[in-house]
Amino acid sequence: MSNAFVQAAVILLREGLEAMLVIAALAGYLRKVGGGHRVTALYGGALAAVGCSIIAAWLFAVLNSGQHNDVFEAIVILFAAALMLYVSGWLMVKQDPRGWQDYLAHKADSALAQETAWAVGALAFFAVFREGAETVLFINALAVTEGGWSLGLFAGLAAATAGLVVLFYFINLIARKIPLRPLFIITSAFLFAMGIKFIGEAIQEFQEQSLLPVTELKSFGWLQSLGLNATLEALSAQLLVILFALATFSIVQRNARLSREDKAKASGAVKT
């Protein structure tokens with residue numbers, strides 16, 4: 001079983017599972033608030049997003065013309081890494097069950113307030129297309145790092161697609177009982193690790209084109225056996241991103257705590 005097969009399958013399963021969880025949760029909420037007749041529009045928007053994601057992948061391949069360009073590939077990898085880190089942070093912030101339910105309720109209420117099925121369809125479209133667009137970038141970045149669109153990569157995508165069909169059936173049966181918090185935390189950590197790894201690979205592409213210096217760190221040579229970039233430039237950039245992520249998360253958590261405290265004080269003042 002090739003590395004490309006495993007990574008392609010994991011990427012599609014992860015992104016597809018996240019999208020299906022969002023749609024299943026929204027469908028359950030719509031039914032709960034009396035909007036069950038709009039679930040069809042919700043599913044329609046999701047299917048349209050899947051189709052647009054496939055078209056986006058085709059356009060990306062055509063515009064790239066299959067030509068090998070290290071600088072372009074580095075930019076694609078960096079963009080994919082940025083999305084991975086962004087979604088990782090988004091998932092970590094939303095992993096609180098109450099925060100996630102409030103988020104879904106706000107989105108669904110906004111769509112219902114417009115009294116149109118198009119609003120619900122658009123909500124599903126953008127929720128799924130975001131995952132689909134990320135999948136396109138991640139898979140293209142994977143193809144770059146693995147040396148092309150191999151049979152193993154396509155086999156991984158096919159296997160993941162079959163798995164998603166089965167998961168879709170079961171998710172719809174137990175949508176309201178799925179523990180979202182552990183899934184969000186694990187997915188967030190996995191995305192963050194992949195984003196950090198991709199940063200090192202993008203820097204290596206720039207180094208191969210002599211756009212960045214190469215300062216080998218012999219004491220970290222063991223990282224090369226893991227497929228990582230063991231240079232001062234790569235490790236420095238990765239460390240800075242990790243520190244920035246930790247600082248940002250700390251600030252977000254602090255602001256959220258202060259907001260809860262302010263709301264509690266305001267509630268107490270109203271009661272008195």
Side-chain angles (χ1 to χ4, degrees), residues 7-30 35 37-67 72-73 75-88 90-91 94 103-104 106-108 110-112 114 116-144 148-149 153-169 171-172 175 187 191 194-195 198:
Q7 290 197 54
V10 168
I11 288 172
L12 185 55
L13 277 172
R14 184 190 65 243
E15 299 298 329
L17 181 58
E18 289 173 7
M20 286 193 295
L21 282 171
V22 171
I23 296 303
L26 286 170
Y29 183 81
L30 286 172
H37 60 288
R38 293 182 182 169
V39 172
T40 300
L42 187 78
Y43 289 152
L47 290 175
V50 172
C52 287
S53 297
I54 295 173
I55 293 173
W58 177 78
L59 288 174
F60 188 90
V62 170
L63 293 176
N64 195 29
S65 302
Q67 297 179 359
F72 179 75
E73 290 171 355
I75 293 173
V76 171
I77 294 173
L78 279 177
F79 190 40
L83 277 174
M84 289 177 187
L85 295 174
Y86 169 78
V87 177
S88 172
W90 184 86
L91 286 171
K94 295 296 181 185
Y103 172 79
L104 290 176
H106 171 71
K107 291 295 185 181
S110 297
L112 284 170
Q114 298 184 41
T116 173
W118 286 103
V120 176
L123 170 61
F125 177 87
F126 287 112
V128 175
F129 186 69
R130 185 187 68 175
E131 304 293 347
E134 289 168 0
T135 302
V136 169
L137 286 169
F138 297 164
I139 294 297
N140 274 283
L142 174 63
V144 168
W149 292 83
L153 192 151
F154 281 113
L157 293 176
T161 300
L164 287 173
V165 171
V166 176
L167 285 171
F168 181 77
Y169 174 76
I171 285 175
N172 277 281
T187 302
L191 275 174
M194 286 187 66
F198 271 33

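Looking at every heavy atom in both residues, A81 comes nearest to G195 through CB-O, 3.6 Å. The two residues F125 and A49 have their closest heavy-atom pair at O-CB, 3.3 Å.
In this view, A160 and A9, L12, L13 satisfy the side-chain contact (heavy atoms from CB on, under 4.5 Å) rule, not counting sequence neighbours.
Taken from CZ in F198 to CG in L142, the straight-line distance is 6.0 Å, to the nearest 0.5 Å.
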